Amino acid sequence: MAKNKQLTKRSEDFSAWYNELIFRAELADHSPVRGSMVIRPWGYAIWENMQRALDDMFKDTGHQNVYFPLLIPMSFIEKEKDHVEGFKPELVVVTHAGGKELEEALVVRPTSETVVMSMMAKWIQSYRDLPMKLNQWVNVMRWELRTRLFLRTSEFLWQEGHTVHATAEEAEEHTRVMLGVYRNFMEDWMAMPPVTGLKSESEKFAGATRSYSCEAMMQDNKALQAGTSHFLGQNFSRQFDVKFQSEEGKEEFGWNTSWGVSTRLLGGLIMTHGDDRGLVLPPKIAPTQVIIVPVKDLDDGSVLEKANSLCSELKAQGIRAELDSRDFLSPGSKFYEWERKGVPIRLEVGPRDLENNQVVLAQRVVPGDSQKKEVLQQSEALRTMSKRLDDFQECLLKKAVIRREENTYRGIENIDELNEIMSGSGGYVYTGWSGDPTVEQTVKERTGATLRCIPEKEFRSSECPVRCIGGEKKSEMEVVWAKAY
RNA sequence: CGGGGCGUGGCGCAGUCCGGUAGCGCACCUGCUUUGGGAGCAGGGGGUCCCCGGUUCGAAUCCGGGCGCCCCGACCA
């Protein structure tokens, strides 16, 4: 009977598992408009926790939040040549308003570099106004032919940071600082360890001089580009006249950066930690960290009373605890529901526990994946809860790092070998590369893998490969290949 | 945009070949009994069968046209 209540297994059909999980965990739903989604309360609560953590990190690195309008004049988008070419196919354009055709079409923002720069040009006079570091939390729209909840929808939520600096060095440095912020956030909060590095010319942001990215490995061994940080050079400054007077009194163009992460991170979260029973949430971003389920209340209501007091005591410790007091569901059905939704720890309280001052504790994930419940003294449960949540968080990160390393291949020297890995289990493959874009193209065509990034030093192999994967030339750098979302 | 599949209570489907009272599971509502891993019994509510047209005494079913969604490819956070 419980058969159709179970998720499709990851091993059977990863993609079906992903979709089902989103519906069953009540994270999101399809909207009436093709390709866009509704984020439901549980999914949005997770996003809010992520936003809060990121926002604090942005503030700590000297940024201020702003809001720029949804509509951007078409002419703005067209100013930067590469930018317009990159975005043109995805633009949603407003041509009519107030019952009349507009004189100039307006674009629903696909990203806001152009409008932000146009305003910054007005606000910046001298080097004393620099650096200017702004961020906004907004929705953006890019018309997509093929969409998937969280991973690729026509409208999505994100933050976009935009900064102006007096020197190229400072801007480049800031680009990397923000890449680091993203990486720390993904590791410390989401337990989703990315490989970070530089994008190749063909993969970089439309309009950027250089793009850096965080590439997180999903459980199907595909890479998810989970955050990007761009050094824009003076490309936008020159088009939008972002000028300042330097200390020496000279007029100069500002140097820009932009960087963003989106609700796509939620897709990454699902595919990093989710299992065949449902979502698994890192405690730090879980809307509910501990769910308390009362089992069979007594006539005097003492079970519910005890459950309630445990909940208050956990809350007093700053733990996000909730009591599930719904009386029309059986305890078992609640267990499944909260597991599906990924709550890290569950406490069960019943008449038996009342007598012995104990409580039954079940963790969503435990080392070794056993599903054993523990019986604890109530005092001990209260005393150790915070540490358990920390350990849980740490355990998820460790598991994810191990999984990434187990599916990483080094010392691969030719396309055939790479192809063999890609047509099998997949994963991250490190090889040498001459820097020749035709090699990149060939690899893509023959293996389905794309050049994810030129990794930062700490990810590189101890010995740099000597041969380019293309075979003919010498290797100039080490790169990471993977199939990608 | 090319290839494939599907549109039937909220969800998942059967019924379509061979036209004849619109069904099943889950969910939902009411009551009683239950409650330590998806409760049981009894009763109940809910459908323009994607849309438009045609054939027919009669269409979910046959014919014509349209629309939508999903999957697979090229483009993308």
Side-chain angles (χ1 to χ4, degrees), chain A residues 1-8 13 15-16 19-20 23-24 26 29-35 85-91 110-111 139-160 182 199 202-206 208 211 213-216 223-230 258-268 277-278 293-298 303-304 307 324-340 346-356 358-362 371-373 375 444-445 448 450 484-485:
Chain A
M1 179 174 68
K3 203 176 171 189
N4 62 351
K5 293 187 172 181
Q6 259 156 43
L7 283 174
T8 299
D13 186 341
S15 169
N19 290 331
E20 283 174 30
F23 293 120
R24 304 284 294 280
E26 296 177 2
D29 208 340
H30 291 289
S31 88
V33 176
R34 192 197 75 91
E85 263 179 43
F87 280 110
K88 198 115 205 196
E90 307 186 273
L91 292 179
T111 178
N139 57 339
V140 287
M141 189 158 240
R142 302 176 185 180
W143 206 248
E144 297 289 350
L145 296 174
R146 211 171 138 187
T147 59
R148 294 198 63 190
L149 291 177
F150 292 117
L151 298 176
R152 173 159 293 107
T153 47
S154 286
E155 181 184 355
F156 57 91
L157 303 183
W158 79 346
Q159 66 54 226
E160 46 179 320
Y182 288 156
K199 282 293 193 186
S202 71
E203 296 275 340
K204 75 178 187 189
F205 172 70
S211 291
S213 74
C214 293
E215 303 286 333
L224 181 76
Q225 186 179 115
T228 49
S229 186
H230 315 290
S258 71
W259 26 275
V261 293
S262 70
T263 37
R264 182 178 238 204
L265 283 171
L266 277 159
R277 291 190 288 150
V293 179
V295 179
K296 186 172 165 46
D297 205 355
L298 299 170
V303 169
L304 203 57
D324 186 348
S325 58
R326 291 175 294 179
D327 59 2
F328 51 89
L329 287 179
S330 72
S333 142
K334 292 179 184 177
F335 298 166
Y336 280 103
E337 176 174 336
W338 293 112
E339 280 171 7
R340 212 159 49 227
R346 177 180 75 240
L347 291 181
E348 302 169 20
V349 191
R352 225 157 48 213
D353 306 307
L354 234 51
E355 262 173 54
N356 305 318
Q358 66 188 30
V359 67
V360 174
L361 182 146
Q371 278 186 49
K372 259 224 211 98
K373 297 182 186 180
V375 180
K444 191 174 172 181
E445 279 163 19
T450 50
Y485 275 98

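Throughout, protein chains are lettered first and strands after them, A, B, ... in sequence-line order, and every chain is numbered starting at 1. Everything numeric here is computed off the predicted structure, so don't read it as measured data.
Using a 4.0 Å heavy-atom distance criterion, A:Ser262 is classed as a base contact. Here A:Val140 lies out of heavy-atom contact (under 4.0 Å) with every strand. Within 4.0 Å (heavy atoms only), A:Phe23 reaches no atom of the nucleic acid at all. Contact annotation for A:Leu224: no contact, since no heavy-atom pair falls under 4.0 Å across all strands. At a threshold of 4.0 angstrom between heavy atoms, the contacts of A:Glu348 include nucleobase atoms, whether or not backbone atoms are also involved.
The gap from the P atom of B:C69 to that of B:C57 amounts to 38 Å, rounded to the nearest Å. Comparing the P positions of B:A60 and B:A22 gives an interatomic distance of 8 Å, to the nearest angstrom. The separation of B:C6 from B:G44, taken at their P atoms, amounts to 36 Å, rounded to a whole angstrom. Distance noted for atom C1' between B:A77 and B:U30: 50 Å (whole Å). Using atom C1' as the reference point in both B:G36 and B:C29, the two lie 29 Å apart (nearest Å). Nucleotides B:C24 and B:G19, compared at atom C1', are 22 Å apart to the nearest Å. Comparing the same atom, P, in B:C63 and in B:G23 gives a spacing of 25 Å after rounding to whole Å. When the C1' atom is used for both B:A59 and B:C18, the distance is 14 Å, rounded to whole Å.
A donor N or O paired with an acceptor N or O is not found under 3.5 Å between the base of B:G37 and the side-chain atoms of A:Arg277. Taking only distance into account, the side chain of A:Lys334 never meets the base of B:G36 through a donor-acceptor pair shorter than 3.5 Å.
Comparing B:C1, B:G38, B:A77 by their closest approach to the side chain of A:Leu145 singles out B:C1. Side-chain proximity of A:Ser333 to B:G36, B:G38, B:A77: nearest is B:G38. Set against B:A77, B:C75, B:G38, the side chain of A:Arg24 has B:G38 as its closest nucleotide. In this structure, of B:A77, B:G37, B:C75, it is B:G37 that holds the atom nearest to the side chain of A:Glu339. Distances from the side chain of A:Asp353 to the nucleotides B:G37, B:C75, B:G36 place B:G36 closest.
Nucleotide B:A14 forms a pair with no other nucleotide shown, judged by Watson-Crick or G-U wobble geometry with both contacts under 3.5 Å. Across all strands shown, B:A74 forms no Watson-Crick or G-U wobble pair with both key distances under 3.5 Å. Look at B:C69: its Watson-Crick or wobble partner, with both distances under 3.5 angstrom, is B:G5. The base-pairing partner of B:G20, taking Watson-Crick or G-U wobble contacts with both distances under 3.5 Å, is B:C57. B:C32 is paired with B:G40 under the criterion used here, namely a Watson-Crick or G-U wobble arrangement in which both key atom distances are under 3.5 Å.
The 5' end of RNA chain B is approached more closely, in terms of each residue's nearest nucleotide, by A:Thr147 than by the other of A:Lys444 and A:Thr147. Residues A:Arg148 and A:Thr263 both approach RNA chain B. Their nearest nucleotides, taken by heavy-atom distance, put A:Arg148 toward the 5′ side.
Taking atom CG on A:Asn19 and atom C1' on B:C69, their separation rounds to 13 Å, with Å as the unit. Note: CZ (A:Arg326) to C1' (B:A39) measures 16 Å, nearest angstrom. Rounded to whole Å, atom C1' of B:G36 lies 13 Å from atom OH of A:Tyr336. Per the geometry, CG belonging to A:Asp324 stands 16 Å off P belonging to B:G37, to the nearest Å. Rounded to a whole Å, the CZ atom of A:Arg346 is 12 Å from the C1' atom of B:G38. In this entry the distance linking CD of A:Glu160 with P of B:A77 reads 14 Å, nearest Å. Rounded to a whole Å, the CD atom of A:Glu26 is 14 Å from the P atom of B:A27. The distance between atom CD of A:Glu337 and atom P of B:A27, rounded to the nearest whole Å, is 13 Å.
With respect to A:Leu151, the side-chain contact (heavy atoms from CB on, under 4.5 Å) criterion is satisfied by exactly one of A:Leu266, A:Leu224, A:Thr263: A:Leu224.
OP1 or OP2 of B:C75 has not a single side-chain nitrogen or oxygen of A:Arg146 nearer than 4.0 Å.
B:G37 has no stacking from A:Phe335 on its base ring, since the centres under 5.5 angstrom apart and planes within 30 degrees of parallel are not both found.
Annotation: side chain of A:Lys373 is in contact with side chain of A:Arg346 (closest heavy-atom distance under 4.5 Å). A:Arg148 has its side chain within reach of A:Asn19: a pair of non-hydrogen atoms, C-beta onward, lies under 4.5 Å apart. The side-chain heavy atoms of A:Glu337 and A:Asp324, taken from C-beta on, include no pair separated by under 4.5 Å.
Cation-pi geometry between A:Arg264 and A:Phe156 is not satisfied (NZ or CZ under 6.0 Å from the ring centre, within 45° of the ring normal).
Across every non-hydrogen atom of A:Ser211 and A:Ala208, the tightest pair is OG-CB, 3.7 Å. What you find for A:Pro294 and A:Pro331 is that their closest heavy atoms are O-CG, 4.5 Å. Here the closest non-hydrogen pair linking A:Val303 and A:Pro351 is CG2-N, 3.8 Å.
Taking 4.0 Å as the cut-off between side-chain N and carboxylate O, A:Glu20 and A:Arg340 do not count as a salt-bridged pair.
For A:Arg142, there are no side chain to side chain donor-acceptor pair (under 3.5 Å) partners at least two apart in sequence or on another chain.
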Please tabulate, one pair per line, each protein N/O and nucleotide N/O from nucleotides 32-35 of chain B that are separated by under 3.5 Å, including the distance.
unit_1: B:U35; atom_1: O2'; unit_2: A:Lys296; atom_2: N; d: 3.3

